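Quick notes on the structure that follows.
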Amino acid sequence: MSNTPLIRLDDVSKVYHLESGDFTALDHVSLDIMENDFVAIMGPSGSGKSTMMNQLGILDVPTSGKMYVDGRDVSGMSSLERTHMRRDIIGYIFQKFYLIPLLTAYENVEYPLILKYKKRDTSGKAAAVLKSVGFDSAMSIHRPNQLSGGQQQRVAIARALVNDPKILLCDEPTGNLDRKTGLQIMEILVGLHREGRTVILVTHDPKIAEYAHRTIELEDGRIVKS
Amino acid sequence: MKDIFFELSVRSVRLNFLRSLLASIGIVIGVVAISSMGMLGTNMQLQVKEQLSASANTITITPDAVRMSPGTTASTGIDRTQLNEIKESAGNNIVIPIHRSSTHMTVGSTEGRGSIYGMDPNDAITFLSVSEGDSIKGESDALVGSTLATNLGIRIGSRIKIGEDNKSVARPVVRVAGILAARGMTADGVMADNAIIVSDDWYTSHFGDKDLYGQVNVIVRNVDTIPDVETAINDKVNRKTQVIRISDASSRLSSISSTLGTITTFILAIGGISLVVAAVSIFNVMMMSVNERIQEIGILLSIGTEKGEIRRMFLYEAFILGIIGAVFGGICSLVIGYSVVGAMIGSTAYFFLPESIIYVPEGMLIGVIVCVISGLYPAWRASNMDPIDALRSE
């Protein structure tokens, strides 16, 4: 494990130009996240959580400041380079699961492998990862709308893991699940962190945030507690 | 299925099957319009070409009526001197001087009207074929064209009274010796199907015009020498002023072909309009597909799908719609095209020839291309969405 941070935000600001005037969603934020960190990002709604999440997920670029992921400067990257970073470095887990509705559970997990290797998976990796998150293999030919919330989130986690990302970015991963299923999902995330992955958790639920080793609190686009 | 993006497109089409099918109907209609119109035009051209090429070895010489000098008689024609000049220039080719006119006629109680040609009976059988009966032997024997024979109920041995019936004068009568095989449209100027052919002598004794011919045909032994023979005749007969007009099957063919070509292009353009309408409906369905799947596009983009892959996915979808339309359109084109060609031309003999049937794959290809082009903008729009905005949309 090296001492260079996996993610570094250096004086990052994000300003949205709205008709009603400029809105600063992130205001000169600096932050380091090390490899194998388990970080929770908290804050009330409108505090900049989502914007932070989009920055960390390389879905967006800062208006000003520098951002480095895995030692590479994201702010100057082309759209295609950022797409490849998202595909190879980051695994996304969303509150609403966001599975691809036209694909089966298995194909949803296989999909990132196809994006990376430009061919169908023949190694059995997709099936293995699905199994590792406790997904019933008999269900793998079902489409997302035929699965329960917990099953969908397991598929989503498998999809996030299948390309061996360094970072797992979880946006309210238990928000749409009942308490019991939510706890199971959190146990899976804890296990993944134990295996050496960096987990970033965006949540407003303090109970969920307790799983993290470090909590960053945002308010009005600024870090108030780190 | 190898390509996941193709598979996604197939599933999307299948999910909205009815909508996709309806959009494809536009393409079906467009393909049918283009293919059957193209085939109709081509079949027309092929038929005319075949009929004209039956007399491809014939040079037709007619008097140039426009440039007759003042002082000549009202009766226009090729005179003895000109005929001799033609014969001299034509070498050993067969020269057939022909009288022609149109006349009223009566067969039994049936009245009719048709052309009457007067020519040497020996010349007649060089280019006309008798399908029934015999050639002209006796002085008042006649050959009758197939259409005229059918219309007036003429049989071998029938007697035809020639000329207007004015009661006071007995009309001349010809006896039908033979009935000609149908000729259709020909390039040699002898429209025999609706005509009576009589001997040269019979014609001049009843219609006059001795040594003044309505047209002279030269049947050339070697088709390749047609230009030379034409030049020789022209240099000789038209040396001072233009007194005769010389034409042959190829010159007629090219003028008719170019007219038919123009008509074909025009009807193809009308068919093309239906494809424009089809393009609009495909565009519409593709935009609907993109707009319904904004969130899905957001998911795909956020987990690392390249813009080009998103574009490909939607272009595949347009392509599939095109293929559905083209396949149905191709099948319908064969059926409808066959019926239309049969009904309008009366013959489907040329329908399956390559130059006709090629319009089916051509129409199909154009249909698919139109679909893919219609999908370009929707695909571009999908691929250029902002993943964050797209994910947020419900």
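Heavy-atom basis, side chains included; hydrogens, waters and symmetry copies ignored. Here the structure is a predicted model, which is why all the values come from computation and not from measurement. Proteins come first, then strands; the chains are lettered A, B, ... in the order of their sequence lines, and each starts at number 1.
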- [ ] Name, in order of residue number, those residues of residues 294-315 of chain B that have a heavy atom at a distance of less than 4.5 Å from a heavy atom in chain A; otherwise write 'none'.
- [x] B:Gln295, B:Glu296, B:Ile299, B:Leu300, B:Leu301, B:Ser302, B:Ile303, B:Gly304, B:Thr305, B:Glu306, B:Lys307, B:Glu309
TODO: Kindly indicate, with the supporting measurements, whether the criterion side chain to side chain donor-acceptor pair (under 3.5 Å) is fulfilled by B:Glu317 and B:Ser289.
DONE: CA-CA 9 Å; B:Glu317 190 167 330; B:Ser289 180; 2.9 Å; yes
- [ ] May I ask you to decide whether A:Glu219 forms a salt bridge with A:Lys49, counting only side-chain N to carboxylate O separations under 4.0 Å?
- [x] no
Open item on the list: Less than 4.5 Å to any heavy atom of chain B: does that hold for the side chain of A:Arg159, its backbone, both, or neither?
Closed with: side chain
Open item on the list: With a sphere of 6.0 Å drawn around CZ of A:Arg222, does it hold more than 12 non-hydrogen atoms of other residues, nucleotides or ligands?
Closed with: no
Open item on the list: For A:Ile114, which atoms come within 4.5 Å of any heavy atom of chain B: side chain, backbone, both, or neither?
Closed with: side chain
- [ ] Quick one: do A:Glu110 and A:Arg120 satisfy salt bridge (charged side-chain N to carboxylate O under 4.0 Å, His left out)? Show the steps, please.
- [x] CA-CA 8 Å; A:Glu110 188 193 16; A:Arg120 298 302 288 245; 3.1 Å; yes
Task: A:Tyr92 versus chain B, the contacting section by heavy-atom distance below 4.5 Å - done: side chain
Task: Residue part contacting chain B, namely of A:Ser50, when any heavy atom lies under 4.5 Å - done: neither
- [ ] Against chain B, label A:Lys118 side chain, backbone, both or neither, depending on which of its atoms sit under 4.5 Å from a heavy atom there.
- [x] side chain
Task: Distance-only side-chain donor-acceptor flag, B:Ser257 / B:Gln45, under 3.5 Å - done: no
TODO: Against chain B, label A:Leu80 side chain, backbone, both or neither, depending on which of its atoms sit under 4.5 Å from a heavy atom there.
DONE: side chain
TODO: Mind telling me whether B:Tyr338 and B:Phe351 have parallel, tilted or perpendicular rings, with 30° and 60° as the class edges?
DONE: perpendicular
TODO: Could you tell me which portion of B:Arg14 (side chain, backbone, both or neither) has an atom closer than 4.5 angstrom to a non-hydrogen atom of chain A?
DONE: neither
Open item on the list: Strictly below 4.0 Å, N to O, side chains only: are A:Asp11 and A:Lys66 in salt-bridge contact?
Closed with: no
Open item on the list: Could you check whether any side-chain heavy atom of A:Ile41 comes within less than 4.5 Å of a side-chain heavy atom of A:Met53, counting everything from C-beta outward?
Closed with: no
Task: B:Leu391, part contacting chain A, at a heavy-atom distance under 4.5 Å - done: both
- [ ] Decide, yes or no, whether a salt bridge links A:Lys125 with A:Asp164 under the criterion of side-chain N to carboxylate O below 4.0 Å.
- [x] yes
Open item on the list: Tell me whether A:Glu107 is salt-bridged to B:Arg11, with the criterion being a basic N under 4.0 Å from an acidic carboxylate O.
Closed with: yes
Open item on the list: So A:Arg8 and A:Met67, do their side chains get closer than 4.5 Å, heavy atoms only?
Closed with: no
- [ ] Measure A:Leu99 against the heavy atoms of chain B and call it side chain, backbone, both or neither at under 4.5 Å.
- [x] backbone
Open item on the list: Is A:Lys116 close to chain B through its backbone or its side chain, or both, or neither, when contacts mean heavy atoms under 4.5 Å?
Closed with: neither
